[in-house]
Amino acid sequence: MFTKFLKEVGRGKRGARDLSYEESLEAANWILAQKATSAQTGAFLVAERIKMESVAELEAFVVACRNLAFRSPIQKGIDCTGPYDGRTKSFFASFATAFLLAAAGLPVTLHGSATLPPKRGVTIHDILTTSGIDIEHMTKERSINIAKQTGILYVPSEQWCPPLAAIRSIREELDMRTIFNTVEKLIDYSHSPYLVFGVFHNTVFNRMSELLHHLGYSKSLIVQGVEGSEDLFIDRPTRTYLVENGEAQLKVIDPDLYGLETSLPDNITWTAEAQLRTTEEILQGGGHIALANQVLLNAATRLSLTGHVNSIEQGIYTCKPLLENGAAWELYSHWKNAMLDKKYEFEITKTL
């Protein structure tokens, strides 16, 4: 019975205990299979939030979701995992960054869904819908084919992992952060060896470092980024943790060291339309200098993480011409046309 798990995690701040990995896996399977009632699931998620999830509990929930998701080794690249509750007051730099990385020869996996609590901000899903792309009716086969042509895979998570869609209504009614806000970012749909992962509080660095090591990534970067995302700040240094071979190393990435630190523009209301417009301006070699620099810094850091370049500085030298000569914009245009299902034949030449 599911109540045995509730009795362990729901005894209050002092009385609650962490579940073992095996217990957590069983609890996750009850929830994801909807064998637990909505009331039981809601109570469990709130109790875990109060207690704080252990590494074993997080790992078990990730594994349970992975077991129920469509996952395939589509491309050996980097998984960029930002918050599924979106952005409310900042540029979605990771979206533009993906095309710059692909133009530099590094495949990228992006994923998300319609917005979720607690922020309920603008998501990549919203940006793509605004551009006219019909995500809801995009087949897996078509998405994979486009990824093979362009190096960019976008995964609508609730289609590729249906249990996430099944529990959406409970999460919306709770209107708070739950274990799934972390778990959904780690399903790793394309078996990526590299990961860049956003967090809001630096207090979770150690716990997340241990979790990412258990999940088997070759190398990961945990970023205390903009709005809890994987995006580095451009107007100040960003705290990050580099996770490799079971060890975690604090790295502070300072844009001023690379001549990129810039003040952000004021008074922008970051709607999905504004996100799309700004993304396209930057990929065409324009846009506000701070936002363009933010895309450059994030791309250079991710190229360095994956070993495509030897340093962030070299990454900047690699990426800047790809914005200036139109290579990133050309790849984005090809990808967008393919996602729009236009009859468009093309070849992609990837350069480092």
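In this text the structure is predicted, and so the values were computed from the model without any measurement.
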**Request:** Examine Trp270 and Leu116 and state if one hydrophobic cluster contains both, with Ile, Leu, Val, Met, Phe, Trp and Tyr joined whenever side-chain heavy atoms are less than 4.5 Å apart.
**Result:** no
**Prompt:** So, Asn298 and Thr97: side-chain donor and acceptor under 3.5 Å apart, yes or no?
**Reply:** no
**Item:** Over 12 non-hydrogen atoms of neighbours within 6.0 angstrom of NZ in Lys320
**Value:** no
**Asked** Would Phe2 and Phe44 count as a ring pair (Phe, Tyr, Trp, His ring centres under 6.0 Å) if you check the C-alpha gap in whole Å, the side-chain angles of each, and the deciding distance to 0.1 Å?
**Response** CA-CA 10 Å; Phe2 190 78; Phe44 181 89; 5.6 Å; yes
**Prompt:** Cut-off 3.5 Å, side chains only: do Thr88 and Glu227 have a donor facing an acceptor?
**Reply:** yes
**Message:** Test of understanding: clusters of I, L, V, M, F, W, Y form through side-chain heavy atoms closer than 4.5 Å, transitively. Do Ile253 and Tyr241 belong to the same one?
**Reply:** no
**Asked** Under 3.5 Å, is there a donor-acceptor pair between the Thr182 and Arg177 side chains?
**Response** yes
**His308 versus Thr306, side-chain donor and acceptor atoms under 3.5 Å** = yes
**Asked** Is it true that the side chains of His125 and Glu136 contain a donor and an acceptor less than 3.5 Å apart?
**Response** yes
**Prompt:** Are any of the side-chain nitrogens in Asp266 or Lys89 under 4.0 Å away from the carboxylate oxygens of its partner?
**Reply:** no
**Asked** Which residue pairs pass the side chain to side chain donor-acceptor pair (under 3.5 Å) test with at least one member in residues 242-260, sequence neighbours excluded?
**Response** none
**Sequence-distant partners of Lys336, side-chain hydrogen bond (donor to acceptor under 3.5 Å, both in side chains), two or more places apart** = Glu280
**Message:** I'd like to know if the side chain of Arg87 pairs up with that of Ser94 as donor and acceptor (distance under 3.5 Å, no hydrogens or angles considered).
**Reply:** no
**Request:** In sequence, state the C-alpha distance, the side-chain angles, and the governing distance for Glu59 and Arg66, and then conclude on salt bridge (charged side-chain N to carboxylate O under 4.0 Å, His left out).
**Result:** CA-CA 10 Å; Glu59 183 180 359; Arg66 287 182 174 186; over 6 Å; no
**Request:** Measure centre to centre between the rings of Phe70 and Tyr189, then say whether the value is under 6.0 Å.
**Result:** no
**Message:** One thing to verify: whether Glu230 and Lys185 come together as a salt bridge, which I'm taking to mean a side-chain N less than 4.0 angstrom from a carboxylate O.
**Reply:** no
Could you go through residues 190-199 and list every donor-acceptor pair under 3.5 Å that involves a side-chain atom there, pairing it with any protein atom two or more places apart or in another chain?
residue: Ser190; atom: OG; partner: Thr109; partner atom: OG1; Å: 2.6
residue: Ser190; atom: OG; partner: Ser192; partner atom: OG; Å: 3.2

**Item:** Ionic contact status for Glu158 with Arg168, cut-off 4.0 Å
**Value:** yes
**Request:** Can you measure from OG (Ser143) to NZ (Lys140) and round to the nearest 0.5 angstrom?
**Result:** 9.0 Å
**Message:** Distance alone, cut at 3.5 Å: any donor-acceptor contact between the side chains of Asn206 and Ser209?
**Reply:** no
**From OG1 (Thr139) to CD (Glu141), nearest 0.5 Å** = 5.0 Å
**Message:** When you compare the side chains of Glu184 and Ser157, does any donor N or O come within less than 3.5 Å of an acceptor on the partner?
**Reply:** no
**Request:** Identify whether the distance between the nearest side-chain nitrogen and carboxylate oxygen of Lys4 and Glu26 falls below 4.0 Å.
**Result:** yes
**Prompt:** Hey, mind stepping through Asn293 and Thr262 against side-chain hydrogen bond (donor to acceptor under 3.5 Å, both in side chains) and telling me if it holds?
**Reply:** CA-CA 8 Å; Asn293 282 352; Thr262 327; 3.0 Å; yes
**Salt bridge Asp188-Arg71, side-chain N to carboxylate O under 4.0 Å** = yes
